Structures are given as structure tokens and as C-alpha cells.
Amino acid sequence: METITYEYEGALYVNLTNRCDCACVFCLRSNGHKGSIYADDLWLDHEPGREEALADFLRRDLASYREIVFCGFGEPMYRTDDILWLVDELKERVSALPPVRINTNGHASLILGRDVTGDLAGRIDVLSISLNGSTPGEYVAVTRPRDGAAAWDAMLDFTRRAAKTVPTVMMTIVNKDKTPEEIDACRTLAEHLGARLRVREYIPD
């Protein structure tokens, strides 16, 4: 059975795709894992359709969660249009829908070939964007994106634009081999783009 939604620390996480345009050095899937600290098996045999995902949502008491998080085992914004459709449907059906967050690498506009940040307004409450480096070289070395340095530029532009439409925008780094100076540089960059920095602790394999 596909794991579409799953619970973790009072939040409901949503797994819509295994596709990703990055191969981050710290990613569990790079080491052959099918799951994460959140769930044992997040590998999808097929991507759930909109109606399938909606049905999975509606079998739960959505108002009981502190947050709904589109995250999963791939880059969720490959499914941007489906996420927006689902949020619209849930807002119509659930009177006390929790805040909605997307954990993303910030490449949605690059992947889809259009600026999607305006579509997030009024739908998405929080964006968490993977930064993982304070320079293009460090970013590419750690994140290993399909589009190389162009992905760095796309991520920065996405963050800058999203900060104008989404109430809370965070950028995250994993504290693996990072010096205090590198963390400070990441914080300065995030704040310059209108976001705040969150430092995540590295969880070894």
C-alpha cells in the first residue's frame, strides 16, 4: 500500500512523488534507503493522482494536526499544480485546516518552466527551502543538482519571489562540516532574500 500521508510529531506529512532533480550528499535515498526518520517506506510504486491523494487526506481528522507538510521522499513541487488543487479542495472542505508548509529545494520554477511563486499566495503558509551552501560552488558540491549552477540561481530567485507571497519563508542548511563563518554567511544570504535561516542537525546514516 502506498504511503501518501503519514504522521510525525503532531504534523501530517504528504508524499506525492519520488522524483528529484538533486542527489544531495546527505540524502538517505543516496544510501539506498526507502524511508526516513518519519516513515519506514516512502518509495512509491506509482504517483498518486489528485483524487487518490484527496481521499487519503479525508480519511484523517485534519483539524487535529498542527501542520500539513508536503515533503515525502522526492521534490514535492514537481507536483505543484496538484498541491495547489489539493489545498484548494481541503480549504473548501475543512473549516479549521492547519497551516500548510512545503519543504522544497526551490527549483519549482526551473523544473516547470514558469514562475510559480504567485500561485502560492493564499494557499501556502510556510515554505522551507534547502540552501545548503553560501556559494554556488559549495551548493553544487553538496546538492548535486541536475542543472548545476543554474539551479543555485533559480533557487535564490524562487526564494526572493516567494518571500513576497508566502507569510513565512525559511532557508535550511544541514550542519555537516559547516564552520561558524559558513553558517553566518548562509544566514546573511537568507535574510537578504527575505527569509530566515534554520540550521538542521546532521543525522548520520
Side-chain angles (χ1 to χ4, degrees), residues 2-9 11-24 26-30 33-39 41-57 60 62 65-91 97-132 143-147 151 154-155 158-159 161-162 165-172 174 195 198 200:
E2 304 279 61
T3 301
I4 300 173
T5 61
Y6 55 99
E7 301 173 334
Y8 182 72
E9 293 188 342
L12 184 66
Y13 283 72
V14 190
N15 180 41
L16 293 180
T17 185
N18 292 148
R19 288 179 287 168
C20 190
D21 63 320
C22 292
C24 298
F26 49 76
C27 183
L28 289 173
R29 52 190 277 165
S30 297
H33 288 264
K34 288 188 174 183
S36 69
I37 61 172
Y38 309 103
D41 190 353
L42 294 177
W43 197 259
L44 296 167
D45 292 328
H46 74 277
E47 289 193 354
R50 291 178 174 185
E51 297 290 349
E52 183 181 0
L54 180 62
D56 198 86
F57 269 112
R60 297 182 179 273
L62 294 176
Y65 297 103
R66 61 176 175 82
E67 190 176 29
I68 293 173
V69 186
F70 288 90
C71 179
F73 212 41
E75 168 47 48
M77 293 195 78
Y78 269 95
R79 303 286 304 273
T80 296
D81 292 336
D82 295 321
I83 290 173
L84 300 179
W85 182 87
L86 285 165
V87 171
D88 287 345
E89 289 291 320
L90 294 175
K91 284 181 178 289
L97 191 70
V100 178
R101 167 163 57 106
I102 302 176
N103 291 355
T104 178
N105 61 23
H107 299 166
S109 297
L110 177 65
I111 291 168
L112 299 176
R114 69 181 196 275
D115 177 17
V116 303
T117 55
D119 297 331
L120 307 179
R123 290 164 162 147
I124 307 305
D125 302 289
V126 182
L127 271 178
S128 179
I129 302 166
S130 298
L131 175 57
N132 296 323
T143 308
R144 300 186 293 192
R146 178 190 64 197
D147 293 291
M155 179 270 296
F158 177 85
T159 303
R161 293 172 183 268
T165 62
V166 176
T168 301
V169 177
M170 301 180 291
M171 303 189 88
T172 66
V174 175
R198 175 175 172 245
R200 298 166 51 204

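All heavy atoms count here, side chains included; hydrogens, waters and symmetry mates do not. As the structure is a computational prediction, the values presented were derived from the model and not from experiment.
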Is there a side-chain contact between [X] and [Y], using heavy atoms and a 4.5 Å cut-off?
X      : Y      : value
Asp119 : Thr80  : no
Val174 : Asn132 : yes
Glu89  : Arg50  : no
Leu86  : Leu16  : yes
Ser130 : Glu75  : no
Leu12  : Glu67  : no

Donor-acceptor contact present, side-chain [X] to main-chain [Y], <3.5 Å:
X      : Y      : result
Thr104 : Ile129 : no
Arg146 : Ala151 : no
Asn15  : Leu42  : yes
Glu2   : His46  : yes
Asn18  : Gly74  : no

Intermediate values then yes/no, side-chain contact (heavy atoms from CB on, under 4.5 Å), Arg123 and Trp85: CA-CA 10 Å; Arg123 290 164 162 147; Trp85 182 87; over 6 Å; no

Working for side-chain contact (heavy atoms from CB on, under 4.5 Å), residues His107 and Met155: CA-CA 5 Å; His107 299 166; Met155 179 270 296; 4.0 Å; yes

Heavy-atom pair of closest approach, residues [X] and [Y]:
X      : Y      : result
Ala108 : Met77  : CB-CB, 3.6 Å
Pro76  : Thr17  : CA-CG2, 4.1 Å
Lys91  : Gly122 : CE-O, 3.5 Å
Thr117 : Ala162 : CG2-N, 3.8 Å
Asn105 : Cys20  : ND2-SG, 4.2 Å
Phe158 : Gly106 : CB-O, 3.3 Å

Identified side-chain contact (heavy atoms from CB on, under 4.5 Å) partner of Val166 from the options Asp125, Leu127, Val126: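 The option that passes is Leu127.
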
Parallel, tilted or perpendicular: ring planes of Phe73 versus Trp43, cut at 30 and 60 degrees: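 Judged by the thresholds at 30° and 60°, the geometry between Phe73 and Trp43 is perpendicular.
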
Arg60 and Thr5 side chains, donor-acceptor separation under 3.5 Å: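 There is such a pair (donor and acceptor under 3.5 Å, judged by atom type) between the side chains of Thr5 and Arg60.
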
Derivation and outcome, side-chain contact (heavy atoms from CB on, under 4.5 Å), residues Ile68 and Phe57: CA-CA 10 Å; Ile68 293 173; Phe57 269 112; 4.0 Å; yes

To the nearest 0.5 Å, tell me how far [X] [atom1] sits from [Y] [atom2].
X      : Y      : atom1 : atom2 : answer
Leu44  : Arg19  : CG    : CZ    : 10.5 Å
Ser109 : Arg114 : OG    : CZ    : 8.0 Å
Ile124 : Thr165 : CD1   : OG1   : 9.5 Å
Ile102 : Leu84  : CD1   : CG    : 7.0 Å

Derivation and outcome, side-chain contact (heavy atoms from CB on, under 4.5 Å), residues Tyr78 and Asp21: CA-CA 9 Å; Tyr78 269 95; Asp21 63 320; 3.4 Å; yes

